[in-house]
There are 2 protein chains.
Amino acid sequence: MLRFSKRVEYGLMALLELDASANGGYLPVKDIAERHEIPQDLLGKVMQALTRAGYVASTKGMHGGYRLVQPLERVTVGKVIESLEGPVYLTPCCDDSKSCRQQDHCNIRRPILRVQEHLLRYISQLTLAEFREGDPRPIEMNIGEQCV
Amino acid sequence: MLRFSKRVEYGLMALLELDASANGGYLPVKDIAERHEIPQDLLGKVMQALTRAGYVASTKGMHGGYRLVQPLERVTVGKVIESLEGPVYLTPCCDDSKSCRQQDHCNIRRPILRVQEHLLRYISQLTLAEFREGDPRPIEMNIGEQCV
DNA sequence: AAAAAGGGGACCAGATTGGTCCTATTTTCA
DNA sequence: TGAAAATAGGACCAATCTGGTCCCCTTTTT
Ligand code: SF4
Ligand code: SF4
């Protein structure tokens with residue numbers, strides 16, 4: 001399954017919401033969750049992870065919440081995914097520490113590593129700024145026009 | 001989790017094996033499974049799916065097995081994935097028939113659709129021929145050099 | 001002191017995945 | 001003609017992953 005997890009989706013939504021509602025102040029999880037119908041507790045966990053990753057900062061207490069610490073231009077989709085669900089590996093063996101029982105006779109390891117390398121390069125250069133509403137820049141890959 | 005399923009890995013391995021061992025004859029699942037230490041029954045299911053998808057053909061009985069029906073140049077990674085685990089959707093809402101409770105207030109839907117579009121374009125133009133051992137063509141995406 | 005907020009551990013239920021087992025059918029060959 | 005080898009495919013299961021909830025703690029403001 002090649003799918004974004006809900007954690008990642010919620011993280012991206014929250015970061016964009018913080019960016020859009022930026023008034024210098026802090027926005028509490030409750031508000032973000034209500035605006036986007038996200039389960040509050042779960043979003044709480046996601047925000048905690050984003051805090052540890054250094055993309056947002058928090059204050060407790062009344063009028064507390066989260067605020068962006070970096071401009072979206074410096075937040076990449078790759079890093080967000082990595083923060084929320086660990087390193088991106090297309091296959092177990094891409095993680096050097098792990099292996100699989102097919103490894104010794106595997107005829108797809110190298111090509112898959114190359115695919116992964118390029119997937120990583122793509123999501124590492126794709127910033128959340130390009131997710132802003134009405135962002136004009138198309139997300140292009142220049143891989144030719146033969147789209148099946 | 002952005003990971004290839006084992007079914008897909010086994011399918012890709014088998015297709016490449018069929019290509020490499022092509023002597024005009026049929027190669028039984030047993031042989032492929034043994035050579036690559038793949039659980040035989042599971043690979044059986046995978047091959048059935050690839051047959052239905054039209055990439056291989058089979059004969060039963062002694063000296064039976066599978067053979068490639070299309071050259072690897074015409075088999076794309078995207079189609080293999082699609083054959084083995086259904087259509088590729090980065091998020092539930094990418095499937096028009098499904099939706100999610102965040103949909104009405106979602107601020108990432110459009111950008112994610114664009115990302116998916118490009119992911120699809122990439123895997124739809126990537127053929128298994130480029131997976132052959134020693135294939136010289138690098139798998140490039142030309143997205144610039146800012147690899148983080 | 002109370003309320004509002006984040007930090008974080010424990011836990012649970014449903015879905016997905018990888019894998020096995022069994023039976024039926026077809027084909028070849030001794 | 002009967003055994004063996006092979007695909008076709010349904011049923012099923014165990015482990016893992018995922019989304020979500022609950023509870024308790026600390027901090028901050030009012
Ligand atoms: S060695 Fe081959 S089968 Fe095993 S995880 Fe890597 S790519 Fe997949
Ligand atoms: S609507 Fe938004 S949250 Fe829902 S599946 Fe689509 S992208 Fe994800």
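Quick note: numbers below take in every heavy atom, side chains included, and nothing from hydrogens, waters or symmetry partners. Throughout, protein chains are lettered first and strands after them, A, B, ... in sequence-line order, and every chain is numbered starting at 1.
Counting non-hydrogen atoms under 4.0 angstrom, B:Arg52 reaches the backbone sugars and phosphates but no base. Counting any heavy atom pair closer than 4.0 Å across all strands shown, A:Gly44 reaches no nucleic acid atom.
Ion pairing between a basic and an acidic side chain is recognised when a charged N comes within 4.0 Å of a carboxylate O; B:Glu17 and B:Arg35 show such pairing. Between B:Glu9 and B:Lys6, at least one side-chain N (NZ, or NE/NH1/NH2) sits under 4.0 Å from a carboxylate O, which counts as a salt bridge.
Atom pair A:Glu85:CD and D:dG20:C1' shows a separation of 16 Å (rounding to whole Å applied). Per the geometry, CE belonging to A:Met47 stands 13 Å off P belonging to C:dG8, to the nearest Å. Put simply, CZ on B:Phe4 is 16 Å from C1' on C:dT17, counting in whole angstrom units. As a whole-Å value, the separation of B:Leu84 CG from C:dG18 P is 11 Å. In this entry the distance linking OH of B:Tyr26 with P of D:dA8 reads 11 Å, nearest Å.
Judged by distance alone with a 3.5 Å cut-off, a donor-acceptor contact links the side chain of B:Lys45 to the base of D:dG10. Interface remark: the A:Gln48 side chain does not form any donor-acceptor pair with the C:dG6 base, using a distance-only criterion of under 3.5 Å.
For the OP1/OP2 pair of D:dG19 and a distance below 4.0 Å, the side-chain nitrogens and oxygens of A:Tyr10 include no atom meeting the criterion. Between B:Tyr66 and D:dA8, a side-chain N or O to OP1/OP2 separation shorter than 4.0 Å is present. When the side-chain nitrogen and oxygen atoms of B:Arg7 are compared with OP1 and OP2 of C:dG19, none of them lie within a distance under 4.0 Å.
Remark: A:Pro39, A:Asp41, A:Leu42 in residues 27-43 of chain A come within less than 4.0 Å of DNA chain D through at least one heavy atom. Heavy-atom distances under 4.0 Å link DNA chain D to B:Ser58, B:Thr59, B:Lys60, B:Gly61, B:Met62 of residues 54-63 of chain B, given in residue order.
The 12-atom threshold is exceeded at CZ of B:Arg101, counting heavy atoms of other residues, nucleotides or ligands nearer than 6.0 Å.
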A:Leu113 and A:Cys94: CA distance, side-chain angles, deciding distance, side-chain contact (heavy atoms from CB on, under 4.5 Å) verdict: CA-CA 7 Å; A:Leu113 284 175; A:Cys94 292; 3.5 Å; yes

Could you walk me through whether A:Ile81 and A:Val77 pass the side-chain contact (heavy atoms from CB on, under 4.5 Å) test, one step at a time? CA-CA 6 Å; A:Ile81 296 179; A:Val77 174; 4.0 Å; yes

Could you give me the CA-CA distance, side-chain angles and deciding distance for B:Arg132 and B:Glu73, then say whether salt bridge (charged side-chain N to carboxylate O under 4.0 Å, His left out) is met? CA-CA 10 Å; B:Arg132 282 202 195 97; B:Glu73 279 78 7; 3.1 Å; yes

Does the pair A:Glu37 and B:Gln103 meet the rule for a side-chain contact (heavy atoms from CB on, under 4.5 Å), with working shown? CA-CA 9 Å; A:Glu37 286 203 56; B:Gln103 195 146 1; over 6 Å; no

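Put simply, the side chain of B:Leu72 does not reach to within 4.5 Å of the side chain of B:Phe131, judged on heavy atoms. Counting heavy atoms from C-beta outward, B:Tyr10 and B:His36 have side chains that stay 4.5 Å or more apart.
Nearer the 5' end of DNA chain D, as judged by each residue's closest nucleotide, is the contact made by B:Thr51, out of B:Gln102 and B:Thr51.
In the set D:dA8, D:dA11, D:dG20, D:dG20 carries the atom at the smallest distance from any side-chain atom of A:Lys6.
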